[in-house]
Asks: 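Below is the structure I would like to discuss, written out as structure tokens.
Lettering of chains follows the sequences in order, A, B, ..., and the numbering in each one begins at 1.
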Number of protein chains: 2
Amino acid sequence: MLVGMAWNTEETKRKLKEAAVAEFAAHGLGGTTMERIARRAGVNKERLYTYFGDKPRLFATVLADELNKVAAAVPLDHLDGPEAVAEYAGAVYAYHAEHPELTRLLLWEGLLDLPAVPDEASRTDYYRTKVAAFERAQQSKTISDTLPAADLAFLVLALAGWWYAVPQMARMMHADSSSTPASAKAALMQAATQLAAPSN
Amino acid sequence: MLVGMAWNTEETKRKLKEAAVAEFAAHGLGGTTMERIARRAGVNKERLYTYFGDKPRLFATVLADELNKVAAAVPLDHLDGPEAVAEYAGAVYAYHAEHPELTRLLLWEGLLDLPAVPDEASRTDYYRTKVAAFERAQQSKTISDTLPAADLAFLVLALAGWWYAVPQMARMMHADSSSTPASAKAALMQAATQLAAPSN
DNA sequence: CTGAATTCCAACGCGACCGTTGGAATTGCG
DNA sequence: CGCAATTCCAACGGTCGCGTTGGAATTCAG
């Protein structure tokens, strides 16, 4: 009965998912072709269908994978003070700088505006733990409570994500070319600090 | 020689552009079909090609049109104090709430990451006038100068735009359904105020 | 009315992509 | 070795959308 280990199946799946992330991030659900994913992975197209189902299902799979990766890479359990909020915002920005695929996948997904996203339950849990960390910090008076915790957390992510959402706008607003990834990160950390600083 | 006024050409062009905005905003450049645009406008597909060229050109045309509209609808020449920044952020949010097409077009464009966007020169001018208004307010010490003017302006727009960029994230983070468009607007205006408030 | 210019549109060629299928190659097992 | 199970893949049918084209309908000038 034993499932054969022949043809290193797991490795093939991994290569396909890696290629799918790159293609979907670059071209979106509609702009990506299964053919190109398979070619990039050096695998036949048919494997995609037997392993992952059709194109939307594959998209959902790779997005869920990437979300799990970022959840592991940028933890957030405890916040004590505005500086910790800035650190978190900076870490999110830095992660996206190294892995621009995730933001782009999220944006492509957002533009599809499906009635419900795949994996909604676990993703909601994930975001709620972030919000809960902000709530606890508010209750212990270490950060500002002028904004509801959910809004504050959401807006901090907005500061970090907007650069990747509309890069063309970022480029045009900083036309004097005085802007670098490093200065962008410094600016958003400063901004996050101001959002989280206890009102005086 | 006189060009005939027959078949009300201008009206046909207007209807085509209106339909194109709706379709492009909903499905993006790749997901939109010329056929559907023409059907929605009640006009034959071929008119699109003779009037506007191919699909990317049409996309650029309608995006430029929408940018001109928002520039006219949400002016910004003078800023005096954090409250004015909040007012501006709120106005931007409100405009996008009524015309969600523009943000979506910008996001689709951003995801294409073209080396240069159409109409780059005039759009750069447009953004630079916004930045200049922030700069003047900083020089007259009515708003905070802890952030470069370009970053501050950019991040204020981030606060207003993020809701539309990742609506699925907004929905999941506010899972308790305590969030409304009105509360979102209030939150972002509060946040904008805190970003712009002179440091103490 | 006749003819030229312009707007409109039905139909087409062509290429691209999705998802499938039939069968070949490889592996483990008896 | 022979057999069954599994992984792999080249090729295909069908559909869809882009951009074009040939000609019909409408308008205006003479």
Side-chain angles (χ1 to χ4, degrees), chain A residues 1-63 105 108-109 111-112 114 118, chain B residues 1-63 105 108-109 111-112 114 118:
Chain A
M1 225 21 100
L2 270 163
V3 172
M5 272 301 124
W7 277 279
N8 202 339
T9 300
E10 291 309 312
E11 175 64 10
T12 298
K13 286 186 189 175
R14 199 198 54 76
K15 281 195 289 193
L16 284 172
K17 284 202 284 193
E18 187 178 296
V21 168
E23 290 291 329
F24 280 134
H27 307 114
L29 180 58
T32 293
T33 77
M34 299 294 262
E35 171 77 34
R36 283 172 59 95
I37 294 173
R39 261 217 314 276
R40 178 188 275 250
V43 173
N44 189 274
K45 184 174 56 154
E46 176 265 359
R47 290 289 87 194
L48 286 169
Y49 291 96
T50 55
Y51 288 152
F52 303 106
D54 59 9
K55 193 157 71 155
R57 289 250 286 274
L58 176 59
F59 185 86
T61 300
V62 301
L63 178 53
L105 289 175
W108 287 117
E109 182 191 46
L111 284 169
L112 295 176
L114 316 161
Chain B
M1 224 23 99
L2 269 164
V3 172
M5 273 301 123
W7 279 279
N8 201 339
T9 300
E10 290 310 313
E11 175 66 8
T12 298
K13 287 186 188 175
R14 200 197 53 75
K15 282 195 288 194
L16 284 173
K17 285 201 284 192
E18 187 178 295
V21 168
E23 290 291 328
F24 279 134
H27 307 113
L29 180 59
T32 294
T33 77
M34 300 294 262
E35 169 78 34
R36 283 172 60 96
I37 294 174
R39 261 217 314 277
R40 178 189 276 252
V43 173
N44 188 275
K45 185 175 52 154
E46 176 267 0
R47 289 291 87 196
L48 285 169
Y49 291 95
T50 55
Y51 288 152
F52 302 106
D54 58 10
K55 194 157 71 155
R57 290 251 286 274
L58 176 59
F59 185 86
T61 300
V62 301
L63 178 54
L105 290 175
W108 287 117
E109 183 191 47
L111 283 170
L112 295 177
L114 316 162

Asks: Measure NZ/B:K13 against P/C:dT6 and give the value in whole Å, please.
Replies: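 The distance from NZ of B:K13 to P of C:dT6 comes to 14 Å, rounded to the nearest Å.
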Asks: Take B:R36 and B:R40, measure what side-chain contact (heavy atoms from CB on, under 4.5 Å) needs, and give me the verdict at the end.
Replies: CA-CA 6 Å; B:R36 283 172 60 96; B:R40 178 189 276 252; 5.7 Å; no
Asks: Enter the distance from B:T12:OG1 to B:Y51:OH here, rounded to the nearest 0.5 Å.
Replies: 5.5 Å
Asks: Would you mind reading off the distance between A:R39 atom CZ and C:dA16 atom P, rounded to a whole angstrom?
Replies: 11 Å
Asks: In whole angstroms, how far is the P atom of D:dT7 from the CD atom of A:E11?
Replies: 15 Å
Asks: Using OP1 and OP2 only, check whether a side-chain N or O of A:T9 sits under 4.0 Å from D:dT6.
Replies: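 Answer is no, no contact under 4.0 Å.
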Asks: Rounded to whole Å, how long is the line connecting atom CZ of B:R47 with atom P of D:dG19?
Replies: 16 Å
Asks: If you compare all heavy atoms of B:A19 against all heavy atoms of B:I37, which two are closest, and at what distance to 0.1 Å?
Replies: CB-O, 3.5 Å
Asks: Round to a whole Å and report the spacing from CG of B:L48 to P of D:dG17.
Replies: 15 Å
Asks: Return the minimal non-hydrogen interatomic distance between A:L105 and A:A25, and the atom names on each side.
Replies: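 Minimum heavy-atom contact is CD2-N, 3.7 Å.
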Asks: Atom NZ of A:K15 to atom C1' of D:dC8: distance rounded to whole Å?
Replies: 12 Å
Asks: Using only side-chain N and O atoms of A:T12, determine if any of them is under 4.0 Å from OP1 or OP2 of D:dT7.
Replies: no
Asks: Measure from CG on B:L16 to C1' on C:dC9 and round the result to the nearest Å.
Replies: 13 Å
Asks: Pull out every protein N or O sitting under 3.5 Å from an N or O of nucleotides 18-20 of chain C, one pair per line with the distance.
Replies:
from	atom 1	to	atom 2	distance (Å)
C:dC18	OP1	A:T32	O	3.1
C:dC18	OP1	A:M34	N	3.2
C:dC18	OP1	A:K55	NZ	3.1
C:dC18	OP2	A:M34	N	3.0
C:dG19	OP2	A:Y49	OH	3.4
C:dG19	N7	A:K45	NZ	3.3
C:dG19	O6	A:K45	NZ	2.4

Asks: Identify the heavy atoms of A:W108 and A:F24 that sit nearest to each other, and give their distance.
Replies: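 Where A:W108 meets A:F24 most closely, the heavy atoms are NE1-O, 3.3 Å.
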Asks: Look up atom CZ in B:R47 and atom CE in B:M34, then write down how far apart they are to the nearest 0.5 Å.
Replies: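 Between atom CZ of B:R47 and atom CE of B:M34 there are 12.5 Å.
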